[in-house]
Structures are given as C-alpha cells and as structure tokens.
Amino acid sequence: MAETPGYILKIKNLDYSYDNRNNVLTNINLEIKNGEKIAILGANGAGKSTLFLNMNGVYNSRNGEIFFSGTKITRKNINTLRKNVGYVFQEPDSQIVGTTVLNEVSFGLVNLGLPENEIRKRTIGILKEMGLYNYKDKPPHYLSGGEKKRVAIAGVIAMQPEIILFDEPMAPLDHKNSLIFENILAKLENEGKTIIISTHNTDFAYKWASRIIVLEKGSIIADNEPLKIFTSDEILKRTNIGKPMLLQIYEIIKKKYSKDLNNYNSAPKSINEFDKWFKHL
C-alpha cells in the first residue's frame with residue numbers, strides 16, 4: 001500500500017543485523033524531503049555506512065519499511081530503490097570494476113539497459129564535467145586517490161539518481177579535488193538532487209548542510225539544523241563531535257565583545273559570511 005507522497009524517502013522502524021542477533025541499526029525513522037542537503041555524523045562503527053546500504057537497497061532488512069516517493073519498497077520492486085538512490089563508497093577501489101575509466105563510468109548505464117548512443121552521450125558528458133575526459137582510456141586503478149574518487153562519483157552521477165549518498169567523500173581528497181567536489185555538489189543542488197553525506201568533517205558539515213543527523217551505536221540521537229546540533233553541549237560531549245572551527249572563533253569574539261552568546265542568529269557559516277559579520281561588529 002502506497003503512502004501519501006511528501007517525502008522522497010521514508011524509513012520506518014528499521015532494524016538491521018549482520019548476524020540476526022546484534023543490531024547494527026536500531027529503530028531508524030527518517031523522512032527525507034526532495035532537494036535536502038543532509039550530513040550524517042557519528043563515530044566509526046556508528047552505523048552510517050550500513051544505513052546507506054539499506055537506503056539504496058544493497059541490504060534488505062527483515063524489520064522495518066522503506067518508502068520511495070510514497071511507494072513501499074519490497075523485494076519485487078527493490079530495483080526502484082537501486083536505480084533512484086546512488087551510493088558513492090568511501091573507498092573507490094571497493095566500487096570500481098571497469099578496465100578503463102570510460103568502461104567504469106558507463107558500467108551502470110549498461111546495466112540500466114539504455115541505448116548505446118545515450119550511454120555514450122552521458123558518459124562523455126560527465127567525464128568532461130569532472131575533468132576526467134583525458135583519462136578515459138586509462139585503467140582507473142592506476143589513478144591517484146582523488147582521481148579514482150572522481151571516477152566513482154562520475155559513474156553514479158551518470159545514472160541520474162534522485163538521491164545521492166556520499167560516504168566520507170572528502171577523506172582522500174587534496175585541496176584541488178576538494179574544490180572540484182564542492183563544485184560538483186553545487187551543480188547537483190542546482191539540479192534539485194537530494195544529497196546525503198556521511199562525514200567526520202564538522203567544518204564542512206556546518207558550512208554545507210541544511211540538516212544534520214547524528215548516529216550513535218546504530219540509533220539516531222539527534223536530527224536538526226546545524227546550529228542546533230553544534231551549539232548543544234550535551235550532543236557534542238556525548239558523541240565527541242568537534243565544534244566547527246568557524247563557530248568556535250565566532251563564540252570567542254562574541255564573548256570578548258560581551259555579546260549575547262545565546263543568540264546565534266548572526267552566526268556565519270562560511271569565511272565570506274564571517275568577514276561580513278566581523279566588519280559590522
């Protein structure tokens with residue numbers, strides 16, 4: 001039975017266990033709207049990757065329900081989830097199977113059964129967008145870590161999913177590739193894609209996300225806007241999540257100028273915002 005649409009992805013009472021005894025995820029309830037920018041925070045082993053693998057249908061839990069665009073996902077229509085929820089793994093070597101960059105990026109499109117001319121059009125287009133066209137005939141495993149990451153991202157984007165899951169996308173990237181990735185995110189956002197990123201980088205999460213979900217031992221313990229998360233001493237202490245550097249500097253300056261620290265309405269989320277705020281002190 002289909003639920004009334006309103007959320008592109010909905011998860012109800014989801015549990016997941018690898019051994020049918022110990023839960024890795026417990027009672028996960030999430031409603032994700034179209035176009036949201038969500039960061040998922042949590043320590044190693046909190047269940048972030050396992051949650052992603054349930055979200056895109058690689059894992060199929062016995063307990064709980066997942067709805068995509070109002071339709072309940074079952075074993076019969078699991079491909080709906082797999083086609084519409086793309087997943088970029090933390091380690092690109094775990095994802096890359098093609099013998100060349102061109103083959104790798106077109107691999108998912110071939111599996112979708114698209115016409116050959118459409119496959120080539122999408123593949124060449126995304127390779128050019130990602131600055132990978134000159135590498136198209138090279139074996140991807142001989143590329144640098146950042147380049148391999150871009151290949152993995154290109155393969156997922158080429159399939160044009162409605163939701164894209166990124167597992168620790170900034171981890172192996174140098175400054176150049178980080179900027180390229182942020183430009184990719186901006187383009188996806190402009191296209192209306194729903195983006196969910198698992199990360200330990202609180203500076204990035206604070207600057208980029210419109211919503212943050214915090215996982216601890218397989219359970220959601222917080223789900224709110226970034227400022228609500230990063231100004232909660234209880235959450236930060238409980239999870240050992242670091243406060244973003246820009247927010248720490250903001251609090252130090254406000255304290256020095258005897259400003260009300262309980263009012264975060266002017267808290268900057270980027271260097272440019274900080275510069276404007278500082279000039280008006």
We want to know whether Asp15 and Thr26 form a side-chain donor-acceptor pair, criterion being a heavy-atom distance below 3.5 angstrom. no

Mind checking whether Phe181 and Phe204 have parallel, tilted or perpendicular rings, split at 30° and 60°? tilted

If we ignore angles and hydrogens, is there a donor and acceptor under 3.5 Å between the side chains of Asn177 and Arg150? yes

Taking atom CD1 of Ile213 and atom CD1 of Ile229, what is their separation to the nearest 0.5 Å? 9.0 Å

Quick check against the 3.5 Å criterion: does Lys48 have a side-chain atom that pairs as donor or acceptor with the backbone of Ala43? yes

Between the NZ atom in Lys128 and the CG atom in Asn134, the distance rounded to the nearest 0.5 Å is 10.5 Å

Is it true that Glu251 and Lys243 have a side-chain N and a carboxylate O under 4.0 angstrom from each other? yes

Between Asn201 and Thr199, is there a side-chain donor-acceptor contact under 3.5 Å, judged purely by atom types and distance? no

Kindly indicate, with the supporting measurements, whether the criterion ring-ring contact (aromatic ring centres under 6.0 Å, His included) is fulfilled by Phe274 and Tyr250. CA-CA 8 Å; Phe274 181 84; Tyr250 170 80; 7.8 Å; no

Hey, what do you get for CG (Leu53) to OH (Tyr59), rounding to the nearest 0.5 Å? 5.0 Å

Report yes or no: do Asn103 and Thr100 form a side-chain donor-acceptor pair below 3.5 Å? yes

Decide yes or no for Glu129 and Lys187: does some side-chain heavy atom of the first lie under 4.5 Å from some side-chain heavy atom of the second? yes

Assess the side chains of Asn22 and Asp19: does a donor N or O sit below 3.5 Å from an acceptor N or O? yes

Report the C-alpha separation of Glu191 and Gln160 in whole Å, then their side-chain angles, then the decisive distance to 0.1 Å, and conclude whether the side chain to side chain contact (heavy atoms under 4.5 Å, CB included) test is met. CA-CA 10 Å; Glu191 292 172 357; Gln160 299 180 357; over 6 Å; no

Mark yes or no for whether Arg82, through its side chain, and Asn56, through its backbone, hold a donor-acceptor pair below 3.5 Å. no

Other residues, nucleotides and ligands only: do more than 12 of their heavy atoms fall within 6.0 Å of CZ on Phe52? yes

Checking the side chain of Ser106 only, and the main-chain atoms of Thr123 only, is there a donor and an acceptor separated by less than 3.5 Å? no

Presence of salt bridge, Asp275 and Lys279, under 4.0 angstrom: yes

Surrounding NZ of Lys37 (heavy atoms of other residues, nucleotides or ligands, distance under 6.0 Å), is the total greater than 12? yes

Side chains of Glu65 and Ile11: closer than 4.5 Å at any heavy-atom pair? no

Euclidean distance, Lys228 NZ relative to Ile212 CD1, rounded to 0.5 Å: 13.5 Å

Flag, side chain of Glu104 to backbone of Ala154, donor-acceptor distance under 3.5 Å: no

Expected output: side-chain Glu147 to main-chain Ser144 donor-acceptor under 3.5 Å: yes

Would you say the side chains of Asp167 and Tyr87 form a donor-acceptor pair under 3.5 Å? yes

Kindly say whether Leu114 contributes a backbone atom to a donor-acceptor pair with the side chain of Glu118 at under 3.5 angstrom? no

Between Thr74 and Asn77, does any side-chain donor sit less than 3.5 Å from a side-chain acceptor? yes

Hey, what do you get for NZ (Lys276) to OG (Ser266), rounding to the nearest 0.5 Å? 14.0 Å

